[in-house]
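Taking it in order: structure first as structure tokens, then the write-up.
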Amino acid sequence: MDALDVARWQFGVTTVYHFLFVPLTIGLSVLVAILQTMWHRTGNERYLKLTKFYGKLFLINFAMGVVTGIVQEFQFGMNWSDYSRFVGDVFGAPLAIEALVAFFLESTFLGLWIFGWDRLPKRLHLASIWAAAIGSTLSAYFILAANSFMQNPVGYRINPDTGRAELTDFVALLTNKVALVTFPHTIASAFLVAGSLLVAVALWHLIRNRDSADTPTYRFAAKFGSWVTLIAAGAVVISGDIQGKIMTQVQPMKMAAAEGLYNTESPASFSVLTVGSLDGSREVFAIKIPYLLSYLGTGHLDGTVRGIDDLQAQYASQYGAGNYAPIIPVTYWSFRFMIAFGMAAAAIALLVLWTHRKGRTPSSKWLLRAGLVMPLLPLLASSFGWIFTEMGRQPWIVFGEMLTRNGVSRSVSLTEVLTSFTAFTLIYATLAVVEFKLLVRYAKGGVPDLTEQPENDDSHDDAERPLAFAY
Amino acid sequence: MELTTIWFLLIAVLFTGYFILEGFDFGVGMLLPVLGRDDRERRVLINTIGPVWDGNEVWLITAGGAMFAAFPEWYATMFSGLYLPLLLILLALIARGVAFEYRHKRPEPSWKRRWDAAIFFGSLVPAVLWGVAFANILRGVPLDAQHEYVGGLLDLLNPYALLGGVTTAALFLTHGAVFIALKTVGEVRERAGKLAVRVGAVTALLAVAFLAWTLGIRSSTLAVALAAAAAVALIAGLAAARARREGWAFTGTAAAIGLAVATLFAALFPNVLPSTLDAAGTLTATNAASTPYTLKIMSWIAVVFTPIVLAYQGWTYWVFRKRIGVAHIPQH
């Protein structure tokens with residue numbers, strides 16, 4: 001074990017952890033904004049209850065996303081300083097723009113939304129949550145543009161004197177085809193998570209307490225969440241399909257690694273699962289769907305998908321001796337888990353809609369159990385998606401330009417990076433437990449009873465009235 | 001003016017803004033156990049910064065991103081060189097940020113006590129360590145000819161840097177007390193006002209000593225002028241606090257912090273991270289900078305968006321301008 005290994009583990013752990021909170025921040029901010037807009041339009045208190053209820057869950061999650069996000073920005077400089085030196089001219093720009101354009105918008109207007117219920121005119125208060133939601137979504141674009149440069153570097157040149165990457169075309173950087181397709185894929189997956197959370201919480205209340213006065217409210221939330229989940233799943237599939245074809249063009253090794261395809265094939269089949277070795281050395285048992293990999297990669301049933309051995313030989317002659325294949329079992333299984341978990345969430349959403357047909361209210365204990373695991377499924381799917389796309393890029397940190405092992409900080413010792421990795425793991429694990437318990441507690445608490453809200457009390461003048469919300 | 005100079009200035013402005021804004025957030029956090037005698041009073045304190053602390057912290061994220069984009073070498077060397085202080089700052093900011101949001105989520109006193117501790121230490125640690133970090137940047141750190149940090153942790157804990165840490169903590173504490181006096185009513189306001197005057201006297205001594213030492217290490221006419229202005233602003237602010245002119249007191253401490261940070265950057269220029277070893281290792285605004293193309297694009301984006309950000313963030317402070325007291329804290 002050396003500092004490089006630990007730095008890689010730290011990046012993996014902190015990034016996957018950070019991304020447990022990001023999809024809910026993006027998806028739920030928009031859904032809460034939609035609910036509040038519906039209240040604004042119809043005056044129906046049901047939507048106000050749901051706005052406040054899911055808004056609380058959103059904020060519990062949001063805090064974690066913010067604090068774990070700061071680590072991400074600092075980590076490049078701390079653990080990956082040679083990477084930062086190499087790409088700073090290109091990669092720093094989207095990060096700086098993300099902070100200036102998106103994070104200020106998100107955090108400032110969210111503060112206004114949280115504390116502004118009685119301070120802002122209704123319309124302005126509604127606009128605040130939309131501004132925050134737009135900020136979150138924008139931030140996703142800029143950070144994905146930065147990540148896409150690592151997958152498919154564009155709009156740059158290597159300065160022969162310094163050996164560093166330099167930005168030559170800013171528009172090309174922001175319109176990287178990998179970014180253009182990864183953005184909808186990521187945003188759709190965020191709605192898959194947020195929709196699933198809506199369903200899970202609503203189902204719990206529906207099935208546990210059938211005769212509640214709030215049953216129609218939860219029925220609406222369960223159906224709304226299911227539709228969001230289903231539409232998001234459709235968008236995930238469509239964008240993922242385009243992504244696969246672009247990946248086959250720009251990172252053919254990643255596509256080959258997704259299948260564990262050693263020999264170039266046309267047509268290539270897709271294996272649903274493989275038992276035995278994935279190192280290509282011996283026969284294994286596998287369930288295969290003919291033509292599917294060709295279709296995923298090229299859009300044609302008999303398209304050629306290049307194999308790992310072929311690409312390895314090409315890269316070795318292009319970039320010099322070395323191993324240019326990622327760890328195949330990781331890419332193979334993460335790719336399948338991503339798809340399976342995502343589809344499972346969509347299947348449950350379909351089931352939930354079916355149980356709500358023609359005014360029915362579900363009561364099955366099994367549906368309740370399925371509903372409770374539902375939000376975990378798309379979270380697992382997005383985690384595996386990131387593990388796939390990042391591990392599938394290895395051994396490169398910037399594809400074709402810099403190897404991961406050359407990006408690590410030379411001045412940081414093993415002890416330092418171990419200290420940092422241990423500290424983050426401990427604080428993250430503790431906070432995960434705290435956050436999860438709080439979410440469950442507030443989810444169980446249910447929608448607020450709006451009649452209990454303190455009315456404008458005439459005995460106090462305006463200056464003495466308690467705040468509508470306070471920490 | 002050269003683009004590299006403009007970006008040096010912009011980064012100075014971002015850190016200045018960050019320390020003025022999050023300075024009082026840190027002060028409020030450090031004063032939580034001192035000025036808040038019961039839960040309602042502590043909630044009053046936390047709610048003075050509740051709607052704004054997160055937006056204030058984005059100044060740091062923007063400063064970091066701007067360093068990365070405009071001076072990658074500076075960003076890379078500073079963040080990997082100041083590894084352990086930055087790690088501690090990150091851990092503190094994590095605990096503190098979550099604490100604001102979670103503290104009121106459960107009624108148990110033990111729950112609240114723990115988050116109070118997170119807010120206190122989460123404010124104290126960065127308040128000290130930012131001073132240590134910036135003092136080291138000014139003093140210079142051991143960098144080899146490839147701009148790689150070759151020192152250890154002990155190199156960062158020199159007397160000048162430690163004085164820097166104590167000074168920033170004291171400044172933020174005073175700034176926070178003045179802010180609380182400005183934003184609250186009742187007993188909390190009284191106590192905060194008195195404390196600001198008392199702590200302020202010590203702070204002024206520390207600040208003058210630190211700035212004088214700074215100018216002894218490296219200096220320029222501008223830096224001397226800024227340091228003098230910082231001292232005057234601080235003393236004027238404290239005089240205003242004594243006279244219970246809270247708005248002016250806050251203006252004074254805010255200006256003092258801003259001018260003190262500006263002093264550091266002015267003394268540093270044109271260097272961005274001097275080397276105490278090989279002079280070739282010194283990073284300057286020129287050799288650490290990105291290409292003119294990147295700087296030009298970033299300049300346009302900054303020109304367009306900075307005024308917008310300032311406008312809406314300023315408006316937020318206007319929306320939440322009212323003082324609060326224990327009567328405003330809801331029961332649940």
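Values in this document were obtained by computation on a predicted structure and should not be read as measured data. Below, chains carry the letters A, B, ... as their sequence lines are ordered, and counting in each starts from 1.
Side-chain atoms of Leu438(A) and Tyr102(B), non-hydrogen and from C-beta on, do get closer than 4.5 Å to each other. At a threshold of 4.5 Å between non-hydrogen side-chain atoms, the residues Arg164(A) and Glu73(B) count as touching. Between Asp89(A) and Tyr293(B) there is no side-chain heavy-atom pair separated by less than 4.5 Å. The shortest distance between side-chain heavy atoms of Phe104(A) and Ile308(B) does not fall below 4.5 Å. At least one side-chain heavy atom of Phe424(A) sits less than 4.5 Å from a side-chain heavy atom of Leu90(B). With a 4.5 Å cut-off on side-chain heavy atoms, Ile94(B) and Val71(A) count as touching. Residues Met64(A) and Val98(B) have side chains in contact (heavy-atom distance under 4.5 Å, counting atoms from C-beta outward). Between Val319(B) and Leu120(A) the shortest side-chain heavy-atom distance falls below 4.5 Å.
Smallest separation of non-hydrogen atoms from Tyr83(B) and Glu416(A): CE2-O, 3.4 Å. Taking every heavy atom of both residues into account, Ile301(B) and Leu100(A) meet most closely at O-CD2, 4.0 Å. Residues Leu91(B) and Ala423(A) approach most closely at CD1-CB, 3.8 Å, considering heavy atoms. A pairwise comparison of heavy atoms in Val58(B) and Ser107(A) identifies CG2-OG, 3.2 Å as the closest pair. Taking both residues in full, the closest heavy atoms of Ala470(A) and Ile329(B) are given as CB-CD1, 4.5 Å, listed atom of the first, atom of the second, then distance. Of all non-hydrogen atoms in Ile70(A) and Ile61(B), the two that sit nearest each other are CG1-CD1, 4.0 Å.
Of the atoms belonging to Ser420(A), heavy atoms from both backbone and side chain fall under 4.5 Å from chain B. Looking at Thr162(A), there are no atoms closer than 4.5 Å to chain B (heavy atoms on both sides), in backbone or side chain. Neither the backbone nor the side chain of Leu173(A) comes within contact range of chain B, judged by heavy atoms closer than 4.5 Å. Heavy atoms closer than 4.5 Å to chain B are found nowhere in Glu106(A), neither backbone nor side chain. Ile60(A) touches chain B through backbone and side chain together, each having a heavy atom under 4.5 Å away. Residue Val90(A): no heavy atom, backbone or side chain, is found under 4.5 Å from chain B. In this structure, chain B has no heavy atom under 4.5 Å from any part of Asn159(A). Interface remark: Ile297(B) contributes side-chain atoms only to the contact with chain A (heavy atom separation under 4.5 Å).
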query: Where do Glu101(B) and Val66(A) land on the side-chain contact (heavy atoms from CB on, under 4.5 Å) test, with the steps shown first?
result: CA-CA 11 Å; Glu101(B) 192 60 45; Val66(A) 168; over 6 Å; no
- request: Walk me through it: do Phe79(B) and Asn79(A) pass the test side-chain contact (heavy atoms from CB on, under 4.5 Å)?
  value: CA-CA 8 Å; Phe79(B) 280 58; Asn79(A) 282 348; over 6 Å; no
- request: Might you work through the side-chain contact (heavy atoms from CB on, under 4.5 Å) test for Lys105(B) and Arg441(A), ending with a clear yes or no?
  value: CA-CA 10 Å; Lys105(B) 293 282 182 212; Arg441(A) 180 190 172 96; over 6 Å; no
task: Could you walk me through whether Leu112(A) and Trp315(B) pass side-chain contact (heavy atoms from CB on, under 4.5 Å), step by step?
output: CA-CA 10 Å; Leu112(A) 281 162; Trp315(B) 176 65; 3.4 Å; yes
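Most heavy-atom pairs under 4.5 Å with chain A, from the set Ala288(B), Pro72(B), Ala76(B): that is Ala76(B). Contact count against chain A (heavy-atom pairs under 4.5 Å) is highest for Leu60(B) among Val150(B), Leu88(B), Leu60(B). Annotation: maximal heavy-atom pairing with chain B below 4.5 Å, among Asp82(A), Val87(A), Leu105(A), Val434(A), occurs at Leu105(A). Options Ala69(B), Ser80(B), Gly65(B) differ in how many heavy-atom pairs under 4.5 Å they form with chain A, and the most are formed by Ser80(B). Annotation: maximal heavy-atom pairing with chain A below 4.5 Å, among Trp53(B), Trp74(B), Phe71(B), Tyr149(B), occurs at Tyr149(B).
Between the side chain of Arg43(B) and the backbone N or O of Tyr471(A) there is at least one donor-acceptor pair closer than 3.5 Å.
The aromatic rings of Phe320(B) and Phe115(A) sit perpendicular, their planes meeting at an angle over 60°, well past the 30° parallel limit. Classification of the His104(B)-Phe469(A) ring pair by plane angle, with boundaries at 30° and 60°, yields perpendicular.
Ion pairing of Arg85(A) with Glu148(B) is present here, as a side-chain N (NZ or NE/NH1/NH2) and a carboxylate O approach within less than 4.0 Å.
Counting heavy-atom neighbours within 6.0 Å of Phe436(A) CZ, excluding the residue itself, gives a total of 12 or less. Surrounding CZ of Arg114(B) are at most 12 heavy atoms belonging to other residues, nucleotides or ligands under 6.0 Å away. Within 6.0 Å of atom NZ in Lys56(A), 12 or fewer heavy atoms from other residues, nucleotides or ligands are found, so the atom counts as exposed in its surroundings.
When ring centroids are compared, Tyr75(B) and Phe76(A) stay outside the 6.0 Å threshold.
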